[in-house]
Amino acid sequence: MDCSEAILEKPAVAYEFLFKSALAIPLSHYLVGLLLLCLVLLYNYLEFHFFQDLFTGFRGGPVFLTYNPSSEIYHGVVSKCRTLHGRYLATPWLSSPHFQTSFVNFFGRPPVFTYRRQMFHASDGGIFALDWLMHSDVAVSEAAFQNNHAMSKDDATPIVVMVPGLTSDSASPYMKHLVFYTAKQGWNVVVSNHRGLGGVSVTSDCFYNAGWTEDVREVITYLHQEYSAAPLFVVGTSIGANILVKYLGEEGENVPIAGAAAVCSPWDLLIGSRFICRRLIQKLYDRALTIGLQGYAQLHETRYSRLANWDGIKKSRSIRDFDTHATCLVGNYETVDTYYRRCSSSSFIGQVSVPLLCISALDDPVCTREAIPWDECRANKNVVLATTQHGGHLAFFEGLTGSGLWWVRAVNEFLAALLASPFMHTQKKAESLAPHSALTQSSIDQGPYLNVADGMVAAMVNERTDGAINETAEENKDHGQTNQIASGTENHPFTSGRKSNSAVDASQSSEDGVDSKGSGIVARCLYQLSRQNNKSVWLLAYIAIVSTWPLVGAALGFFFGRKLKRALPGKPPK
């Protein structure tokens, strides 16, 4: 054999030895290596920050505040808020924005309470629900709660108006966290549900969208005129935050609002529409939200099929598709980009004349940090922007048990500090004496409308005679509905010398089909699954499973590692 042949054979011999060495490694070692590789990829893909928190001693990250140096709102109000000047540490076992966002929608563990419903009749014929939680409802015993403490017109207790996010209503877990703990601070809280949500049908040709401010405007005008002694505050979340900031910018100083807070706003809808279809995991959120919008449209198919492109709505695969075939046609926008540009709140932040706290997480998987108007917030003396490194979308879980939401605590502390300060906004322009809206006594001709929350069901009816109410109760009974209809006008929190417009409290009892704690929990779980579109629920469940698999896999490997090692072949003898 000459030298050239020996050289040609050496690589083959080396690969042969390499192949034999690879076969000599136990299969269990390959499985462990593959598992570690998958964990590393998922750790980065799902944006985990557990080890980052671990290396910093679980101290959390600072809250970054953006404000005008001469801002009286910062120096006189925000500077006194310890939460905003502290640090935010995410719950360790939820150290991923996708974990947090999934958890707040499925396992948010919201407080259990009962709303008092008021039907609001808008000036254009539309009807939507105002769900109230009075401070007395959470500050007194259960027996006293049954007495339905009324709110008089001269009551000076502050009122906080909540504006939910896209396809969210007063029953959403994050909203119930905010409502309950705000009422617990001694304030009266009302959730202004969007049209067509909360169990109320659409009764006009107007649907809400990301820039629809008319409903908020009419509700705030009504509350200011009805309860003129009570300071008004407004909190908007997600799309509700975009609507709130746009409304404040449109009105300028002509708003009867003392202060406001906007949490996880999308800010620039055009940038957001491009961001949410950029990566695979964002596309999952896009698809889930689209299915939710399709479910909303299906509830009101009669009007959508007449006003929009129904076939296009059914075939929509993204929020942009839905806006093309539904929102633009109903709202008379030329193109989707035109709709996004006109309705983006970033264009209105400069005109806000009300003390406004804005909260956003930089790792928000739905509303990107790229859309945050940093310079506009810094230029406006009335705005303070608080950003955290982590938190997800409307989550911000904190504590080992994940029972609290950091942003709820921050908002409540800000509103309390603002109330105690001399910097609350007062309306500069004289109001017109004619109200924008009146709560009429006309009945809804497509009822009954149901509001289901925590296993408690109540028919949503306008004022009618006792006989008509009894007839409705009989009809519901004949149809197999276990609904308890609140009748009469006594003990209504909004009567104030006039007749009631709506049903009030939904009560939980054995008559509602919940006769034990166990069955009540099961009923609530079943309701949370059934109240959403099935496809949307399973898609979100898929996101949750994909997000939580690394922890599940690690746990399985820990508990069953020894058995697996015994079952698999060990190292070969030397």
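Note that these values count all heavy atoms, side chains included, but never hydrogens, waters or copies made by symmetry.
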I'd like to know if the side chain of [X] reaches the main chain of [Y], judged simply by a donor and an acceptor atom lying under 3.5 Å from each other, with no hydrogens or angles considered.
X: N380; Y: I349; value: yes
X: T91; Y: W93; value: no
X: N382; Y: I73; value: no
X: S102; Y: F99; value: no
X: R409; Y: T83; value: no
X: N242; Y: P266; value: no
X: T66; Y: R378; value: no
X: D364; Y: R369; value: no
X: E398; Y: Y88; value: no
X: E218; Y: S123; value: yes

Mind listing the closest non-hydrogen atom pair of [X] and [Y] along with its distance?
X: A417; Y: C81; answer: CB-SG, 4.0 Å
X: S344; Y: F348; answer: O-CD1, 3.4 Å
X: T290; Y: S316; answer: CG2-O, 3.9 Å
X: A183; Y: L133; answer: CB-CD2, 3.8 Å
X: I313; Y: A297; answer: CG2-CB, 4.0 Å
X: Q351; Y: S347; answer: OE1-O, 3.3 Å

- Message: Using side-chain heavy atoms (C-beta onward) and a distance below 4.5 Å, is W407 in contact with C264?
- Response: no

- Item | Residue pair L54 / F51, side-chain heavy-atom distance below 4.5 Å |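 L54 vs F51: side chains touch.
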
- Could you check D205 against R306 for salt bridge (charged side-chain N to carboxylate O under 4.0 Å, His left out), going step by step and ending with a plain yes or no? CA-CA 10 Å; D205 287 346; R306 177 168 54 86; 2.8 Å; yes

Under 3.5 Å, is there a donor-acceptor pair linking the side chains of [X] and [Y]?
X: H425; Y: S353; result: no
X: T335; Y: T338; result: yes
X: H98; Y: Y285; result: yes

- Before giving the answer on side chain to side chain contact (heavy atoms under 4.5 Å, CB included), spell out for Y227 and L223 the whole-Å C-alpha distance, their side-chain angles and the decisive distance to 0.1 Å. CA-CA 6 Å; Y227 310 106; L223 293 175; 4.1 Å; yes

- Do L415 and V235 pass the side chain to side chain contact (heavy atoms under 4.5 Å, CB included) test, and can you show the C-alpha distance, the side-chain angles, and the key distance before you say yes or no? CA-CA 10 Å; L415 296 182; V235 179; 4.1 Å; yes

What class does the angle between the rings of [X] and [Y] fall in, given that below 30° is parallel, 30 to 60° is tilted and above 60° is perpendicular?
X: H390; Y: H49; value: parallel
X: Y333; Y: Y339; value: tilted
X: H85; Y: Y74; value: tilted
X: Y181; Y: H177; value: parallel

- For F128 and Y208, run ring-ring contact (aromatic ring centres under 6.0 Å, His included): C-alpha distance rounded to whole Å, both residues' side-chain angles, the deciding distance at 0.1 Å, then the answer. CA-CA 11 Å; F128 51 93; Y208 85 98; over 10 Å; no

- Item | Residues D321, K315: salt bridge by 4.0 Å N-O rule |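 A salt bridge is absent here (no side-chain N lies under 4.0 Å from a carboxylate O).
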
- Item | Results of salt bridge (Lys or Arg N to Asp or Glu O under 4.0 Å) for E301 - residues two or more places apart only |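 Applying salt bridge (Lys or Arg N to Asp or Glu O under 4.0 Å) to E301 gives none.
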
- Message: Between F396 and Y174, is the ring-ring contact (aromatic ring centres under 6.0 Å, His included) condition met? List the steps.
- Response: CA-CA 10 Å; F396 296 86; Y174 73 86; over 10 Å; no

- Message: Applying salt bridge (charged side-chain N to carboxylate O under 4.0 Å, His left out) as the test, list every pair that has at least one member in residues 73-101; sequence neighbours left out.
- Response: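 Sorted result for residues 73-101: empty, none.
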
- Query: Does NZ or CZ of R274 fall inside the cone over Y340's six-membered ring, less than 6.0 Å from its centre and within 45° of the axis?
  - Reply: no

- Item | Reported NZ-to-SG distance for the pair K283 and C277, which is rounded to 0.5 angstrom | 7.0 Å

Return all side-chain donor-acceptor pairs below 3.5 angstrom for residues 188-200, not counting sequence neighbours, or 'none' if the list is empty.
{"residue": "N188", "atom": "OD1", "partner": "H135", "partner atom": "N", "Å": "3.0"}
{"residue": "N193", "atom": "OD1", "partner": "S170", "partner atom": "N", "Å": "2.9"}
{"residue": "N193", "atom": "ND2", "partner": "A129", "partner atom": "O", "Å": "3.2"}
{"residue": "N193", "atom": "ND2", "partner": "D131", "partner atom": "OD2", "Å": "3.1"}
{"residue": "H194", "atom": "NE2", "partner": "P164", "partner atom": "O", "Å": "2.8"}
{"residue": "R195", "atom": "NE", "partner": "D215", "partner atom": "OD1", "Å": "3.1"}
{"residue": "R195", "atom": "NE", "partner": "D215", "partner atom": "OD2", "Å": "2.9"}
{"residue": "R195", "atom": "NH1", "partner": "D124", "partner atom": "OD1", "Å": "3.4"}
{"residue": "R195", "atom": "NH1", "partner": "D124", "partner atom": "OD2", "Å": "3.1"}
{"residue": "R195", "atom": "NH1", "partner": "S204", "partner atom": "OG", "Å": "3.0"}
{"residue": "R195", "atom": "NH2", "partner": "D124", "partner atom": "OD1", "Å": "3.0"}
{"residue": "R195", "atom": "NH2", "partner": "D124", "partner atom": "OD2", "Å": "3.0"}
{"residue": "R195", "atom": "NH2", "partner": "D215", "partner atom": "OD1", "Å": "2.9"}

- Query: For the residue pair Y304 and F207, is the inter-centroid distance of their aromatic rings smaller than 6.0 Å?
  - Reply: yes

